[in-house]
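Per chain, numbering begins at 1; letters A, B, ... match sequence-line order. Excluded from the calculations below are hydrogen atoms, water molecules and symmetry mates; all remaining heavy atoms, backbone and side chain alike, are included. What you see is a predicted model, and the numbers here were worked out from it, not measured in a lab.
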Amino acid sequence: LRSWLRADCQNDHKKVVERKKMKIIVAIKQVPERDAPVRIAANGKEVEERELQWAMNEPDAYALEEALQLKEKNGGEVVVLSVGPERVGSTIREALAKGADRAIQVVCDDLGPRDALGIAKLLAAAVKPENPDLVLTGLQSEDVGLGQTGVIVAELLGLPHATLILHVEKTDAGLTVKRELEEGWFQQIELPLPALLTMQSGGNKLRYATLMGIKRAKTKELKILAATELGAKSSPVVVLEQIALPKKQKSTQILGGSPKEAAAALVEKLKMEARVL
Amino acid sequence: MSGVLVVLEDRGGRIRNTSWEAIAAARKLGTSESLTAVVLGAETEAPAAEAAARNVGKVIRAEHPLLAQYTADGFAAALHQLIQEESPAHVVFPHTYQVRDYAPALAARFAQSLIGDVLAIEDGPVFTRQLMQGRLTGRYRHGGDGPCFVSVQAGAFRADALAAAQSASPATIETFTLTIDPAQIRTKPGEPFREAAQTVDLASAQRIVSVGRGIKEAANLPLIQELAAALGAELAASRPICDNGWLPMERQVGSSGQTVAPKLYLAIGISGAIQHLVGMKGSQCIVALNKDPDAPIFEVADYGIVGDLFEVVPALTEAAKAVKQ
């Protein structure tokens, strides 16, 4: 009887573990590296891509980190998904090297003219057949910064969502998440699964890819889908007509010279002109 | 399809200033008579009365017990019904965290895409918003049929002009009947809370020295602390510094941290993404120190030094000490 009880107990435990296992899709975007000098392309509508260095959008890196930690705690699978031209492959490989199990790339050479709804349609079409328990993405991109792609994907897939999330806890009923509000306030939100969350930065510490991870990434599955196959039309409702350099809001006095000269000039100005010292 | 619907946001029954700014922005899209202000919640009498005095065509109360606490599902469902009924040409929101949470889904229900975080509206209408963390701006136009959804950046439109133009007689207030089923609301929000008692009150600081990614590592922070001490200033930071745990979250300035307006704000190694700028651009005198002459922080700075902070900061500390003596 005792051994039977123990086996039953173990089975129950197994069931709990099974219930907590999640298939998580993380949507990541490749963006120009933060300090890369940006130039406007000749058509005046895009950023000149030649000579740009690319990186994983930082909020998406936090989404990936959360997914990897959830998998480490509860088991399951992490699938990364990215839309973009061929160059996006390097960011996908980085995600695989950090520990994602497999990847999907929606190959799309005309990201520029698509609006948030257009991109979200592609992502939603790629997510749908996967039937994930959870979709994670960053709260916004560092290049276009629309901050709405994740929310629209949730809407298109009919999933409940929450934005600006710092922490995710798997519960028996679904998820409990910590959401950032403005001015240093937070709140907990409970959601059923499947769900979509957009992640804020700073909730976790980001990991680096290990040498072993980089090696393993080469053997992981990468599924390629063509944007044209996904049936999402690209005619945008919102059109980016022109990119320009920002207008200055103030006339700035730039203080030149050696560091010492500039520092002395500044302190003098702050004391005598601005009168703030 | 005509007129402009402005969705106002209140906190504790008082309309927030960013919502008045949204009305100021909406005036670029139509006359004051063409504006309809919307207040949502479980009890909207007080905010509706407040809105009616602000020179708008009319005020609509979208009231329902299920809107007592904000949820994306509840707010999107409510506004979906209201917009279908009112059929406005434009729907304008303040670009708050709450709006970012539901407005993109709402717009998608109308096969639309929100033009978010708008800085300026010109004839056309053409909507200007930032790109590449403020290094560039983009000019957008709405192309399709159906309402155009726009959210406006905090501080980009002046609400004070509006206050001066308060109407003599308040606008009419209508009530819109909503049908919301409890099953439509899938998330369960908890009460807002703060992490720990605030021990630093940056909002009342006279001088602030603020540090960003340019500092490279936590070990370099004493350099900045010495300068702050020499200037008699509080130490603050941009978000990445607090994300990394180098300084506590309570020292963060920006949309997710504190909003400050000191006499002197010295930004060191901060590029000036909008999330930071909204928290400090009301400062009396802004000084920027950055190695990148194109960093957006220089757009709001009164004084700037383009250079290596590791050379300039020690020199500044010396100069500040000398002047204080």
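Ranked by non-hydrogen atom pairs under 4.5 Å with chain A, the options B:E191, B:M249, B:R207 are led by B:R207. Counting heavy-atom pairs under 4.5 Å between each of B:L131, B:L119, B:V312 and chain A puts B:L131 at the top. For the set B:I305, B:L106, B:D145, the count of heavy-atom pairs under 4.5 angstrom toward chain A peaks at B:I305. Here A:I243 is the residue among A:L139, A:V31, A:I243, A:N204 with the most heavy-atom pairs under 4.5 Å with chain B. Interface summary for chain B: among A:E273, A:K45, A:E268, the most heavy-atom pairs under 4.5 angstrom belong to A:E273. Ranked by heavy-atom pairs shorter than 4.5 Å toward chain A, the options B:R239, B:Q206, B:K263 are led by B:R239. Counting heavy-atom pairs closer than 4.5 Å to chain B, the top residue among A:S201, A:A116, A:A264 is A:S201. Heavy-atom pairs under 4.5 Å with chain B peak, among A:L191, A:L277, A:I40, A:V177, at A:L277. The most heavy-atom pairs under 4.5 Å with chain B, out of A:K260, A:K205, A:H161, come from A:H161. Contacts with chain B were tallied for A:P246, A:G202, A:P259; A:P246 has the most, counting heavy-atom pairs under 4.5 Å. Heavy-atom pairs under 4.5 Å with chain A peak, among B:R109, B:M132, B:E311, at B:M132. Between chain A and the residues B:Q252, B:Q284, B:R135, B:H142, the largest count of heavy-atom pairs under 4.5 Å involves B:R135.
A:N57 and A:S141 share no side-chain donor-acceptor pair at under 3.5 Å. Remark: the B:E9 side chain and the B:T96 side chain contain an N/O donor-acceptor pair separated by less than 3.5 Å. A side-chain N or O of A:Q200 and one of A:E180 form a donor-acceptor pair less than 3.5 Å apart. There is no side-chain donor-acceptor pair under 3.5 Å between A:E182 and B:Q98.
Within the 4.5 angstrom heavy-atom criterion, no atom of B:Q184 approaches chain A. For B:T187, the parts sitting under 4.5 Å from any heavy atom of chain A are the backbone and the side chain alike. Only the side chain of A:V38 comes within contact range of chain B, with heavy atoms under 4.5 Å apart. With a threshold of 4.5 angstrom between heavy atoms, B:D292 does not approach chain A through any atom at all. Residue contact with chain B, scored on non-hydrogen atoms closer than 4.5 Å, involves the side chain of A:P32 exclusively. Both the backbone and the side chain of A:K269 come within contact range of chain B, with heavy atoms under 4.5 Å apart. If you measure heavy-atom distances from A:L266 to chain B, the contacts under 4.5 Å come from the side chain alone. Proximity to chain B (any heavy atom under 4.5 Å) is shown, for A:L175, by neither the backbone nor the side chain. When heavy atoms are compared at a cutoff of 4.5 Å, A:Q140 approaches chain B solely by way of its side chain, counted from C-beta outward. Heavy atoms of B:D101 lying under 4.5 Å from chain A belong to its backbone as well as its side chain. Only the side chain of A:E58 comes within contact range of chain B, judged by heavy atoms closer than 4.5 Å. No part of A:T176 comes within reach of chain B, as not one of its non-hydrogen atoms sits under 4.5 angstrom from that chain. Neither the backbone nor the side chain of A:I119 comes within contact range of chain B; no heavy atoms are under 4.5 Å apart. Of the two parts of A:R179, only the side chain, counted from C-beta on, holds a non-hydrogen atom closer than 4.5 Å to a non-hydrogen atom of chain B. Looking at A:V47, only its side chain comes within 4.5 Å of chain B, counting heavy atoms on both sides. Neither the backbone nor the side chain of A:L206 comes within contact range of chain B, judged by heavy atoms closer than 4.5 Å. Using a 4.5 Å cut-off between heavy atoms, A:L164 contacts chain B through its side chain alone, with no backbone atom that close. Proximity to chain B is absent for every atom of A:A154, based on heavy atoms less than 4.5 angstrom apart.
Looking only at distances, a side-chain donor or acceptor of B:Q69 sits under 3.5 Å from a matching main-chain atom of B:G190. Under a 3.5 Å cut-off, the side chain of A:T252 and the backbone N or O of B:A301 do form a donor-acceptor pair. Not one N or O on the side chain of A:D133 forms a donor-acceptor pair closer than 3.5 Å with the backbone of A:P194. Judged purely by atom type and a 3.5 angstrom limit, B:D302 uses its side chain to pair as donor or acceptor with the backbone of B:I286. A:D60 contributes no side-chain N or O that, together with a main-chain N or O of A:T137, makes up a donor-acceptor pair within less than 3.5 Å. Between the B:Q258 side chain and the B:R251 main chain, no donor and acceptor come within less than 3.5 Å of each other. A donor-acceptor distance shorter than 3.5 angstrom exists from the side chain of B:T71 to the backbone of B:G74, with no hydrogens or angles considered.
In this structure, B:R141 CZ and A:E241 CD are separated by 4.0 Å, a value rounded to the nearest 0.5 Å.
Here the options are B:I297, B:L309, B:V287, the test is side chain to side chain contact (heavy atoms under 4.5 Å, CB included), and the partner is B:I268; only B:L309 passes.
Between B:R129 and B:D117 there is no salt bridge, since no side-chain nitrogen of the basic residue lies less than 4.0 Å from a carboxylate oxygen of the acidic one.
Relative orientation of the B:F110 and B:H80 rings is perpendicular, given thresholds of 30° and 60° on the angle between their planes.
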Pair B:Y140-B:F127, ring-ring contact (aromatic ring centres under 6.0 Å, His included): steps then yes or no: CA-CA 5 Å; B:Y140 289 77; B:F127 303 93; 8.8 Å; no
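Seen from the ring of A:F186, A:K178 counts as a face-on cation partner, given the 6.0 Å and 45° thresholds.
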